[in-house]
There are 2 protein chains.
Amino acid sequence: MFLMDECKLVILGFGAVGQGFARAVLMKKEFIKEKYGVGLKIVAVADSSSSAICADGLAEEELLKSKAISGKVGSYPDCGSDLTGTDLLDAVDYDILIEATPTNIQTAEPAKSLTLKAFAHGKDVVTSNKGHLALFYKELIEAKEAAGVEFKFEASVGGAMPIINLCQENLASCGISSIKGILNGTTNYILSRMTSEGTSYENTLNEAQHLGIAETDPTQDVEGIDAACKVVILANSVLGIDATYSDVEVRGISNVTLEAIELAKEEGYYVKLIGEVSKNNLKVSPRLVKQNSQFAIDGTLNLATVTTDLADEITVMGKGAGSLETASAMLSDLISIIKNK
Amino acid sequence: MFLMDECKLVILGFGAVGQGFARAVLMKKEFIKEKYGVGLKIVAVADSSSSAICADGLAEEELLKSKAISGKVGSYPDCGSDLTGTDLLDAVDYDILIEATPTNIQTAEPAKSLTLKAFAHGKDVVTSNKGHLALFYKELIEAKEAAGVEFKFEASVGGAMPIINLCQENLASCGISSIKGILNGTTNYILSRMTSEGTSYENTLNEAQHLGIAETDPTQDVEGIDAACKVVILANSVLGIDATYSDVEVRGISNVTLEAIELAKEEGYYVKLIGEVSKNNLKVSPRLVKQNSQFAIDGTLNLATVTTDLADEITVMGKGAGSLETASAMLSDLISIIKNK
């Protein structure tokens, strides 16, 4: 049981995931108070250029409204501030950092500095970020252990799809030899639509961008970078492989032609962007999967099949992205920290 | 961390699951000792008519050999005994009961008495049994809470497929409104083979019996009784519905004709035995599922789709039966108890 009856949260990063987390807290704080005896209180929220800070707690609705209206969370009435990042962490009294800044696969910043700062403060961290985990997994885990705090990152792989905690806890008795999966929803959407509609890669990407499924700069998704980050995180956290991003062989979907898809289809296969994790194989590439296999899923779903020694194959499937879905994984991580206190 | 560096286990029930558990301990005890600092020691094992008891620990290989040769675990050299059941529990010094007796959906015995006896001793229980959970869930949980012990039963639903702990822990932030799944592998095998081979129910059942997939008396599987137990357990443990076995509407597969299957197939559907769990609907019945849906799985696999508020739909799939597979879920439950001590 949590020693305090109150848990003070700082949310850094207030895009889709950070806002989803605030919504999830709004929806679930009564339930969490009742079930675990702990009241969640958001004491600070920062986006890239502003923040709202209040030791008595910020109202989730007002946070979302301020951000929606002005684009800056710092427009929150009477609580606005210019403090952000590590300066903010140094300035406020908090229990757990909710780290939801954008993934940066070049520098891992600001996620890395924020996380290490929270560890230095002796605080637990829940993150949805992939960059720092994909580039500096070992360093982060060592810092976390030295600080004697918790560091949870279920949301970093597969959004709402349970995979990291599932392997570490639900399958704790099992040796895990490999994970194979569809780890990026955007590319799965594009490939599924090319298959069902017979449209070209370029046209389908345009459609996905129009629907908000692909970003204006789709590079991270379509070139397999996002999936490769997830491969590295799974390699480290589940298989205990000391790997970093550059160890992954990556090929995206931008060269997948409609002809290749239709040829595969005729023979009973689909083309999917598959991430593979095993001792000698860290890879993201377009692969043929049988039309009646579990990998033949459509739309933006993520899926992973875990091969174990005792339990044979275990497969999980769920929404790999989405504001509230990703936030749900972070909130479950937060509850797990509260329960273990 | 476990306060003791040793954990004394009693295994009651030494059929496929109990033996699988002994094999799993043999395979994993070094790993568990190293990772969690706790040595597992099996101090007593009983089947229905005999037992082997040794405070210094029984050798897993010898337990399996004795059972294989004589059919009685009590033939274990120098450690044989006539003590079984609650008498055995009263006689030995143990930490955790591994309860793996056969499911009895009429009386819930001996599982119920054994479990309550262990609680009375202040001991934790890990079970694979469905009968006592399906008939007396509330009573068991109340007794467990009064005793201040742990009671884990992941293996009772879906064998190696993670579902109960997944919903209670990995999805702790989510409200769960329904679970829908294929919860019995034997019937899924029979229906899959009727579909792919065009064979009659009777012939396919015979084939399944010949392969050891269906039992000599297949009633519990083919009449939906096994799946209905799982529906009740999920209703209580995940959805918080105070239900018992008689609350489930049950229809098995013995009246599913080849004609019905072929008619469905022509229209793009398969016939599957589906268990449904929601507030106003506890049901097991043959249902049509779309050929491209996640429910279109073949063979003895189990699958469940969980509908949540925050995380949308989460689907899990895995081996629903099997000696080592089911034991793996029990061993993961055991590890979770050790970690929480």
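Hydrogens, waters and symmetry mates are skipped; everything else that's a heavy atom, side chains included, is used.
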Tell me which donor-acceptor pairs, judged by distance alone and kept under 3.5 Å, run between chain A and chain B, one pair per line.
residue : atom : partner : partner atom : Å
K28(A)  : NZ   : D309(B) : OD2          : 2.4
N170(A) : O    : S332(B) : OG           : 3.2
N170(A) : OD1  : N170(B) : ND2          : 3.2
N170(A) : ND2  : N170(B) : OD1          : 3.2
A172(A) : N    : S332(B) : OG           : 3.4
S173(A) : N    : S332(B) : OG           : 3.1
S173(A) : OG   : S328(B) : O            : 2.9
S173(A) : OG   : S332(B) : OG           : 2.9
D309(A) : OD2  : K28(B)  : NZ           : 2.4
D312(A) : OD2  : K319(B) : NZ           : 2.7
T315(A) : N    : M317(B) : O            : 2.8
T315(A) : O    : M317(B) : N            : 2.8
M317(A) : N    : T315(B) : O            : 2.8
M317(A) : O    : T315(B) : N            : 2.8
K319(A) : NZ   : D312(B) : OD2          : 2.6
S328(A) : O    : S173(B) : OG           : 2.9
S332(A) : OG   : N170(B) : O            : 3.2
S332(A) : OG   : A172(B) : N            : 3.4
S332(A) : OG   : S173(B) : N            : 3.1
S332(A) : OG   : S173(B) : OG           : 2.9

Query raised in the report: Which one of I314(A), I335(A), V316(A) has the most heavy-atom pairs closer than 4.5 Å to chain B?
Result: I314(A)

Query raised in the report: Does any heavy atom of chain B fall under 4.5 Å from the side chain of M27(A), the backbone, both, or neither of them?
Result: side chain

Query raised in the report: With respect to chain A, which residue among A172(B), A296(B), G318(B) yields the maximal number of heavy-atom pairs within a distance under 4.5 Å?
Result: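 If we count pairs closer than 4.5 Å to chain A, A172(B) comes out on top.
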
